Amino acid sequence: MTRPIRRLAVIVAAALTATALSGATAPGASARADEGPEQIVNGTFDAGTAPWWHTSNIEFAVQDGRLCADIPGGTANPWDVIIGQNDVPLVQDETYAFSFFAAADPGRPVRALVQLPQDPWTQYAVVNTQPAPSGGTHSTTFTSPVALPNAQVVFQVGGSAEPWRLCLDDISLKGGAEPEEYEPDTGPRVRVNMVGYLPGGPKNATVVTELTTATTWKLKNSGGKVVASGKTRPRGTDVSSGQNVHSIDFSWYTRPGTGYTLEADGETSRPFDIGGTFYQQLRVDALKFYYTQRSGIEIREDLRPGYARPAGHLGVAPNQGDTRVPCQPGVCDYTLDVRGGWYDAGDHGKYVVNGGISVHQLMAAYERGRRTVFKDGELVIPESGNGVPDILDEARWEQEFLLSMQVPDGKPYAGMAHHKIHDREWTGLPLLPHLDPQPRELHPPSTAATLNLAATAAQAARLFAPYDKAFAARNLTAARKAWAAAKANPQIYAPASDSVGGGAYNDDNVTDEFYWAAAELYLTTGEKEFRDFVLASPHHTGDIWRDRGFDWGNTAQLGRLQLAVVPSKLPGRAAVRASVLQGADKYLATQKAHPYGLPYAPTGNTYDWGSNNLVLNNMVVMALAHDISGKRKYLDGVIEGMDYLFGRNALNQSYVTGYGEVASRNQHSRWYAHQLDASLPNPPRGTLAGGPNSAIQDPLAQRLLRGCAPQFCYVDDIESWSTNELTINWNSPLAWVSAYLTSPRPPHRG
Ligand code: 9MR
């Protein structure tokens with residue numbers, strides 16, 4: 001199996017003359033350094049705040065394109081409050097130009113340093129200044145006396161008796177060596193679905209070429225015989241990749257086989273199959289992913305060879321939870337037993353909002369396919385053989401956790417759900433769950449989490465009723481309580497700033513969560529209160545089909561889709577069903593216009609964090625439009641969408657571990673950390689990578705991918721947490737769509 005090769009070209013900048021090197025402020029030196037390569041990552045804050053850090057006595061945020069922070073009064077020394085960036089490379093005897101913009105209100109001293117990152121903190125450049133409220137640019141040049149891969153650039157801003165506000169921008173250190181240049185190995189220029197095409201489905205490919213007129217393509221079987229040929233369709237420059245491309249449509253060729261290749265413009269694609277069974281396997285693998293994400297239970301070697309590990313977060317040292325978890329200081333006076341559930345992603349956090357959409361999509365897959373598609377025993381989990389389809393057992397593992405996050409009766413905000421529980425501080429990689437030593441904390445309740453609980457508990461009440469009446473009843477009670485608590489506290493938002501030790505999952509518009517929860521409660525109970533709420537919600541009739549798709553923070557679509565497909569007596573249900581076709585038509589049009597067949601073309605041509613998940617969620621809309629209408633074009637849209645995830649893309653790689661000759665395998669995770677520790681495994685087969693993310697928030701991506709066209713904003717490296725993580729809410733649409741593709745005719749409901 002070939003693996004993508006990373007090519008790092010380190011080009012050392014042309015040596016400066018002896019004269020230029022002789023003095024830090026030599027006029028020639030300054031001019032030359034100014035023209036040198038930029039060593040600071042994200043000094044303009046166009047990509048958020050990463051990789052900048054701050055001391056724990058402040059917060060910072062980007063405001064009007066600048067990095068701003070409130071600096072507390074009453075500290076003694078400049079270094080008591082710091083904003084900095086690490087891992088800045090210095091080349092010995094090279095001359096650098098260091099500059100930045102700063103505004104201080106009121107004016108207070110700022111000490112900007114380029115220094116050794118440890119004792120004795122040797123300073124190579126010092127700028128002492130007192131910026132004005134209106135701000136100004138400060139600069140110096142210096143020649144580095146050392147070669148250092150990890151100098152620090154820091155702004156020491158402590159020592160003021162009074163509080164003040166600082167804003168920084170355009171922080172720049174120019175000179176030295178050219179930064180690493182990363183060029184991914186994208187293999188042959190003919191891009192295909194490396195896993196396979198369904199015999200009766202659409203079959204499309206994309207060719208990267210300089211040709212501007214149609215050229216011949218040939219399809220060869222494994223024996224090298226040409227079995228079909230035709231002409232490519234020139235598509236011009238694709239904005240998502242910056243490439244000139246042609247597309248190939250060989251849908252009419254239907255003979256099953258392995259080892260086909262496509263040739264065009266002198267290039268031969270990677271081999272692929274025409275066959276019909278791999279979605280059965282993907283459905284199972286994408287769902288098996290959840291057992292190995294489980295918290296609070298040992299992962300058994302006999303069930304997952306190569307993935308065994310002790311139970312995480314059961315209070316066994318060095319773990320400190322999750323059996324009696326207190327709140328963050330001042331948030332509550334009780335502890336909760338919140339063991340269990342799934343770890344969210346590559347971290348050890350557990351978040352109600354994201355757990356909500358994930359467990360919902362698993363239950364929705366079951367709700368569509370029922371026992372015709374989903375069997376007991378198929379996922380090889382501890383509950384296999386209990387007479388309940390494994391997908392429901394897996395969903396219950398998470399749902400029990402969500403229920404446990406509800407604020408107990410008699411306490412302030414009773415009935416709401418805590419937004420999340422995670423480590424007090426961020427931990428490093430690798431770190432197996434049972435070895436995490438951090439204290440765990442409950443974060444304040446939020447309306448969004450409460451409504452996620454209401455929605456999933458209402459859905460669980462419906463689906464578990466035939467299997468476990470008591471569990472179904474417990475869910476319905478919790479859902480009603482959560483609904484009432486959310487109505488009483490409709491605007492308690494999780495803040496963006498709460499991102500130390502875990503993700504924020506911030507959301508300051510929960511009208512969509514209200515709509516989704518009301519929809520689930522209505523579908524379960526048929527009650528007037530929920531029906532009236534749904535009918536009055538702006539999300540019931542508004543255009544909710546965002547080009548960016550739906551996700552954990554945009555859940556109106558979940559409510560609309562459920563109301564469209566789960567049988568009910570909802571007045572005007574036909575219009576709700578018709579609206580799903582409108583959404584699907586929009587995504588189909590996007591796909592048709594896209595030379596890589598992607599049903600995702602966000603306005604602004606910027607890909608979101610977890611773009612692969614958004615691609616899949618747009619495909620869910622098309623799939624349900626097919627269920628509703630029976631129109632083949634929607635099914636074809638879903639099938640073609642999978643081509644992108646399986647290799648018909650600018651990077652010529654599959655984003656699902658174990659699927660395709662070249663596939664993501666180093667997703668960011670503290671325990672599937674094979675890339676950092678060879679004794680640990682890679683993620684299991686069927687794990688989706690988040691995928692291209694234009695904002696490249698992590699330092700590795702920022703160093704390698706600066707200026708990337710959207711499809712190139714991805715690297716299969718464990719350190720790239722903003723492009724290459726794995727999560728429970730990204731595998732859930734993968735499981736949903738692959739289950740759909742094994743059973744594109746809805747077995748139940750009309
Ligand atoms: O998936 C989340 C994405 O939509 C957000 O933009 C991003 C920043 O808030 O956070 C992502 O979620 C991460 C979470 O905060 C912590 N666990 C890992 C998640 C996936 O990267």
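In listed order, ligands and their atoms are each counted from 1. Since this is a predicted model, take the numbers as computed values, not measurements.
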S.K.: Where does the angle between the aromatic ring planes of Tyr515 and His539 fall among parallel (under 30°), tilted (30 to 60°) and perpendicular (over 60°)?
M.R.: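 It falls in the tilted class, 30° to 60°.
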
S.K.: Could you check whether atom OH of Tyr413 has more than 12 heavy atoms from other residues, nucleotides or ligands sitting under 6.0 Å from it?
M.R.: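 Not buried by this count: 12 neighbours or fewer within 6.0 Å.
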
S.K.: Decide, yes or no, whether a salt bridge links Asp64 with Arg66 under the criterion of side-chain N to carboxylate O below 4.0 Å.
M.R.: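 A salt bridge is absent here (no side-chain N lies under 4.0 Å from a carboxylate O).
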
S.K.: Please check: side-chain N/O of Thr49 versus main-chain N/O of Trp52, any donor-acceptor pairing under 3.5 Å?
M.R.: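 No, Thr49 side chain to Trp52 backbone: no donor-acceptor pair under 3.5 Å.
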
S.K.: So, are Arg548 and Asp608 salt-bridged, with charged N and O less than 4.0 Å apart?
M.R.: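 Yes.
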
S.K.: Could you tell me whether Arg685 sits above the aromatic face of Tyr659, with NZ or CZ closer than 6.0 angstrom to the six-membered ring centre and within 45 degrees of the axis?
M.R.: yes

S.K.: Can you tell me which residues line ligand 1 if we count any heavy atom under 4.0 angstrom from one of its atoms, in chain and number order?
M.R.: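 Lining ligand 1: Asp344, Ala345, Asp347, Tyr351, Gly503, Tyr505, Trp552, Trp609, Glu725, Thr727, Trp730.
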
